[in-house]
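Sequence lines set the chain letters: A, B, ... in the order given, protein chains first and strands last, and positions in each chain run from 1. The structure presented is a predicted model; accordingly, all values stated were derived computationally and were not measured.
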Amino acid sequence: MDMYEKVIELARRRGFIWPAFELYGGSAGFYDYGPLGAPLKRGIEDLWRGFFVIREGFCEIECPTIGVEEIFKASGHLSGFSDPLTECQECREIYRADHLIKHIVEVPDALANEEIYRVIKENDVFCPECGGDLSEIYEFNLMFRTSIGPGGKQPGYLRPETAQGMFVNFQRLLRHYRDRLPFGAVQIGKSYRNEISPRQGVIRLREFTQAEAEIFINPADKSHPRFGEVADLVLTLYSQEAQERGEAEEMTVSEAVAKGIIAHEILGYYVARTYQFLLEAGLSEDKLRFRQHKADEMAHYAADCWDAEALLDRFGWIEIVGVADRTNYDLRSHMAQSQANLTVYLPLDLPRREERLVVRPDMKRLGPLFRKGAKAVADALSALPMEELKRDPIVVVVDGERVEVDPDLVAFEMEEVEVRGEEVVPHVIEPSFGIDRILYSVLEHSYREEEVEGETRAVLALKNRVVPIQVAVLPLMDRDELSGPAEEIARELRALDLRVEYDSSGSIGRRYRRNDEVGTPYSITIDYETLEEGTVTIRDRDSMAQIRVARSEIAEKIPALLRGERGFSEAGTPLGG
RNA sequence: GCGCCGAUAGUGUAGUGGUCAUCACUAGGCGUUGCCAACGCCUAAACCCGGGUUCGAAUCCCGGUCGGCGCACCA
């Protein structure tokens with residue numbers, strides 16, 4: 001039994017992760033988060049919010065999961081996210097049609113499907129496996145398609161990433177940040193990809209949760225004011241060069257940026273924050289590395305891209321986060337698609353003076369003369385160069401028609417203007433997190449088994465920040481005189497917004513082990529000394545050590561222990577055995 | 001999508017063309033028990049779905065679904 005099997009079996013049995021729709025036979029690529037999985041996932045998301053919303057001063061938004069066609073035309077998902085496939089008529093094997101004609105056509109991407117099919121027919125391309133005839137080309141798009149409203153006329157697509165929500169709201173976000181760079185916006189939510197064959201449990205899903213930040217920066221300034229906070233952090237880096245050698249290297253963030261291994265400070269800063277976040281979520285330091293995209297792997301517009309990878313027992317190194325410098329590609333695409341102006345006006349340090357032609361059409365007279373066409377004529381005049389304006393009559397073309405304008409109707413002159421700034425399309429730094437993969441990695445990296453008195457103890461050493469059950473309340477035995485006060489303590493702790501598990505069934509040892517297995521960090525046991533002396537014991541999951549604490553102090557000490565403000569052994573009187 | 005293999009209580013499993021299917025763990029109940037999966041008694045709980053062959057199918061055959069592995073795919 002490998003780790004994956006053990007962890008997935010535990011996750012299923014104890015209610016972390018369930019295959020979805022199991023009642024009806026299930027559907028590949030969909031999973032439910034159960035009673036323990038949902039709070040664990042929320043814990044990871046909340047930890048992420050602490051890092052990428054609160055401490056960065058970014059804002060969180062929430063956009064529809066269904067998008068209109070224009071968005072995905074601009075993002076490239078409509079064309080680039082689908083593959084032209086062809087099927088062998090004999091052996092039913094499926095191929096990427098464009099891959100089959102690579103040796104014939106230099107850029108198969110540029111061809112329409114009919115053209116690819118023609119190339120295949122004209123050049124006698126057959127099935128590489130059995131030599132059979134190939135079918136016509138059909139598209140497989142990884143986006144789920146639906147239709148908006150009745151009649152099915154307006155196509156809609158389930159978003160394949162959350163990022164587009166931040167891009168299409170760029171203007172409003174910029175205004176929210178009072179027209180200043182840099183700023184960031186994030187979104188945590190579901191994305192959908194109709195994978196051809198989803199496998200490996202929650203590693204590849206058809207519906208999954210992403211946490212993405214889009215950080216809009218001045219292209220001319222890729223330094224980061226808080227770089228110093230992370231400069232000395234040592235990371236395991238697997239750079240393009242290191243991949244050639246086949247060996248990752250340890251390095252501080254500042255060294256990596258100084259040597260040009262990581263492109264610039266901002267990217268280095270977010271790689272470092274990603275590392276800190278993943279450690280706090282519960283990944284193992286020695287099973288975590290950052291791998292740089294190779295040149296051919298990186299999107300053509302990207303300046304640099306680093307994936308955080310987690311080492312999993314069965315699957316090897318798996319991508320769980322991508323941190324990319326996407327330059328201004330996304331905003332430029334949306335500018336082209338929407339015709340909107342997605343730029344920022346950046347003031348210059350020193351204003352500069354420029355000569356500029358200013359045209360002033362005399363609207364008082366143009367109006368009565370051209371009536372409805374007056375505006376179009378004025379616009380045409382304003383667009384003319386100096387030489388054209390000097391003619392008599394001035395000639396403009398409006399709606400394909402030649403219009404003559406008397407020179408008296410328009411004034412123009414060269415003016416000296418002061419330029420105080422310029423319009424810039426910001427660059428985007430995008431840390432993109434796969435929450436489901438992180439959650440699974442957290443489970444696997446937290447899982448351990450140890451021998452205790454000849455028995456195997458399974459422990460999920462989850463971090464307090466993300467753990468689903470924060471404290472268990474256990475009467476030593478299920479007797480009224482013990483369970484009464486125990487229930488009362490459970491109520492008190494719940495009143496403090498803690499997630500409490502009350503359990504009185506079976507022996508005390510069994511209940512400890514049950515809680516170890518789901519990661520409950522602390523167990524409070526109510527015994528006869530509770531009745532006589534007003535104390536309880538608190539047991540630590542990892543060490544199995546116990547301390548005795550006054551009942552009246554529980555409400556103060558448990559939250560302090562959970563926040564890590566207090567060491568366990570100092571929180572009370574140690575108990576022998 | 002293709003190929004190979006598999007699918008039996010919550011979990012892990014045994015088994016067979018012929019009585020409402022084995023065992024362990026787990027879970028629930030009662031008793032016992034003064035702190036690490038203790039013990040006794042009791043209880044609940046399964047043959048993936050559809051079709052076919054057959055007097056009879058959970059078992060054989062076909063199709064589907066799901067899972068594992070390999071190939072392909074993985075913005």
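- For B:rC36, its base never sits under 3.5 Å from the side chain of A:Arg541 at any donor and acceptor pair.
- We find that CD1 of A:Ile17 is positioned 16 Å from C1' of B:rU11, with the value rounded to whole Å.
- For B:rU26, the OP1/OP2 oxygens have a side-chain nitrogen or oxygen of A:Arg510 closer than 4.0 Å.
- Base contact: A:Arg539 has a heavy atom under 4.0 Å from a base atom.
- Aromatic ring centres of A:Phe170 and A:Phe216: separated by under 6.0 Å.
- A salt bridge does not link A:Arg289 to A:Asp307: none of the charged side-chain nitrogens sits closer than 4.0 Å to a carboxylate oxygen.
- Put simply, the side chain of A:Glu195 and the base of B:rC74 share no donor and acceptor less than 3.5 Å apart.
- In terms of phosphate contacts, A:Arg314 brings a side-chain nitrogen or oxygen within less than 4.0 Å of OP1 or OP2 of B:rC69.
- Taking the six-membered ring for Trp and the full ring otherwise, the centers of A:Tyr33 and A:Phe16 sit at least 6.0 Å from each other.
- Side-chain N/O atoms of A:Thr525 include none lying less than 4.0 angstrom from OP1 or OP2 on B:rC35.
- The distance between atom CZ of A:Phe208 and atom C1' of B:rC74, rounded to the nearest whole Å, is 11 Å.
- Where pairing requires Watson-Crick or G-U contacts shorter than 3.5 Å, the helical stems of RNA chain B with at least three consecutive pairs are B:1-7 with B:65-71, B:10-12 with B:23-25, B:27-31 with B:39-43, B:48-52 with B:60-64.
- The distance between the ring centers of A:Tyr31 and A:Trp18 does not fall below 6.0 angstrom.
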Identify each atom pair where a protein N or O and an N or O of nucleotides 42-50 of chain B are less than 3.5 Å apart, giving names and distance.
none

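- The aromatic ring centres of A:Tyr157 and A:Tyr192 sit 6.0 Å or more apart.
- A:Tyr522 and A:Gln470 share no donor-acceptor pair across their side chains, judged by distance under 3.5 Å alone.
- Rounded to a whole angstrom, the distance from the P atom of B:rC20 to that of B:rG12 is 28 Å.
- Within the 4.0 Å cut-off from OP1 or OP2 of B:rG28, at least one side-chain nitrogen or oxygen of A:Ser505 is found.
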